[in-house]
2 protein chains.
Amino acid sequence: MKNTIRKERKKEIISGMYELSRREGLENVSIAKIGKHLGMPPSLVMHYFPNKRLLILGLIDHILHQYQLIYKPIISKLENNPRVDPELLVERLFSREWNLLFDDGVFFSCYAFIFRDQSIKKEYKNLHVKLRVTLKNLLDKDEVLVSGDTGLLAEKIFVVIEGAYYYLSMMDEAREYDQKLELFKNQVYDLIYAEINRIQSGKGMYSSGG
Amino acid sequence: MKNTIRKERKKEIISGMYELSRREGLENVSIAKIGKHLGMPPSLVMHYFPNKRLLILGLIDHILHQYQLIYKPIISKLENNPRVDPELLVERLFSREWNLLFDDGVFFSCYAFIFRDQSIKKEYKNLHVKLRVTLKNLLDKDEVLVSGDTGLLAEKIFVVIEGAYYYLSMMDEAREYDQKLELFKNQVYDLIYAEINRIQSGKGMYSSGG
DNA sequence: TTTAATATTGAATGAATATTCAATAAATAA
DNA sequence: TTATTTATTGAATATTCATTCAATATTAAA
């Protein structure tokens, strides 16, 4: 019971910080503003996070956790099927129904820290590796794909997804966005079909093996 | 002559700001620090950039210009050849010899602004579209590829490159970095070979056409 | 040379920054 | 109950922040 209130308060503070970052940008968030937003004095914020770096680390933990939380089930839901349906898989990987639940601005603001903070870099990496493993595990459940290099395939798929969202974030018009999105989806289809093809016809005709 | 000194001073200020951002992170750069770094009073900095937003816009202009400046020639150097050598092309696209000339930390710190500033978003997009056009133009010089969809191919290649650097920035060990890099290079090879294949065998066997 | 525009300086502003501290309130342990 | 730990408050700190202003120096135009 003793630690309960502490943990909850910390969560509350980080959540508040996240909301503020969404609205006003991480660079404009201060301890005083967080306190004001939550109706508590800044000294209480600092009681739980003795300096600002700890606050940022807390925020990043929160973001990465949330990122994983919305990403993984999208993949996991497909686990029951005996064969991977490429169309369904791609649809889900690119869904971002959760666009409303997740703020790319805050995500990338925090991402920029990996270049100055080793431990943040590790955290980011861990998450990205985890997601790849999750996808690999899913691919391994497919009776055909399992005999190929699913780890490699997962890497190739994710690099397209991540590159796609990096690029798509710059799009303004819905029409253009959708058009590009379609394009990148096709690119992932091709990866899957090429791998299936490679497996079924012995060694493939181009270097896809790695 | 009148505007010369003004332009040079502005350049000098932005360059100083960039150096500081590299060293200490964009979030830790202030007008006073820029002035101190360049041996001028903060009021002079503000004489040329009347508010901080203009400074940031200046920095972003600088970064994007530099980005383009090191990227484009990498592609353009290949323009003389009558056929695109995929191996050479990929080698160059992923070279990043310029890692020393360009700071990804500052780049991504600025990238994060696209989510809060429409005009910055446009600038970023323009650059990325330009690079794709440059690559498309290069691909168009290849006698085989020219009869395919070079625009589409350029998009597909760049999404891998950009996703790759996003992901590779999280790598610490040189060994792992190189291994992943190799993987993504292969992924781009495959795109090129698949397109050549598709062209030469009429309509391809899977959906690569888009 | 005189005039006008620009460049540069240095001091001053109030607001916001992260952080500290002592005091009190509440909860838990003895 | 008392003692001890934790939660919470509010005031105070020095520092840094972006920005302003008036004064001077330098340069270009008349």
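Quick note on labels: first sequence line is chain A, next is B, and so on, each numbered from 1.
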Sorted by chain and residue number, the salt bridge (charged side-chain N to carboxylate O under 4.0 Å, His left out) partners of B:D140 (sequence neighbours excluded) come out as B:K136

May I ask you to evaluate whether [X] reaches the phosphate of [N], defined as a side-chain N or O under 4.0 Å from OP1 or OP2?
{"X": "B:R6", "N": "C:dA7", "value": "yes"}
{"X": "B:Y48", "N": "C:dT6", "value": "no"}
{"X": "B:R9", "N": "C:dT8", "value": "yes"}

Show the atom names and distances, to 0.1 Å, of all donor-acceptor pairs under 3.5 Å that link a side chain in residues 38-59 of chain B to residues at least two apart or in another chain.
from, atom 1, to, atom 2, distance (Å)
B:N51, OD1, B:R53, N, 3.1
B:N51, OD1, B:L54, N, 3.1
B:K52, NZ, B:V29, O, 3.2
B:R53, NE, B:D117, OD2, 3.2
B:R53, NH2, B:D117, OD1, 3.4
B:R53, NH2, B:D117, OD2, 2.7

Nearest 0.5 Å, please: how far is NZ in A:K125 from NZ in A:K130? 13.5 Å

What is the distance, to the nearest angstrom, from the [atom1] atom on [X] to the [atom2] atom on [N]?
{"X": "A:K10", "N": "D:dA7", "atom1": "NZ", "atom2": "C1'", "answer": "14 Å"}
{"X": "B:E8", "N": "C:dT8", "atom1": "CD", "atom2": "P", "answer": "11 Å"}
{"X": "B:K7", "N": "C:dT6", "atom1": "NZ", "atom2": "C1'", "answer": "16 Å"}
{"X": "B:I5", "N": "C:dA5", "atom1": "CD1", "atom2": "C1'", "answer": "13 Å"}
{"X": "B:K11", "N": "C:dA7", "atom1": "NZ", "atom2": "P", "answer": "16 Å"}
{"X": "B:I56", "N": "D:dC17", "atom1": "CD1", "atom2": "C1'", "answer": "14 Å"}
{"X": "B:H47", "N": "C:dA7", "atom1": "NE2", "atom2": "P", "answer": "4 Å"}
{"X": "B:K36", "N": "D:dC17", "atom1": "NZ", "atom2": "C1'", "answer": "15 Å"}

Across nucleotides 12-18 of chain C, 5' to 3', mark each nucleotide with B, S or - according to how protein heavy atoms within less than 4.0 Å reach it. -----SS

B:A164: partners by side-chain contact (heavy atoms from CB on, under 4.5 Å), with sequence neighbours left out: A:V159, B:F94, B:L168, B:F184

Which residues satisfy the side-chain contact (heavy atoms from CB on, under 4.5 Å) test with A:Q118, sequence neighbours excluded? A:K121, B:D172

Which one, C:dT20, C:dT9, D:dA7, comes nearest to the side chain of A:S43? C:dT20

Salt bridge check, B:E12 against B:K7: does any charged N sit closer than 4.0 Å to a carboxylate O? no

B:R83 meets the side chain to side chain donor-acceptor pair (under 3.5 Å) criterion, sequence neighbours left out, with B:D142

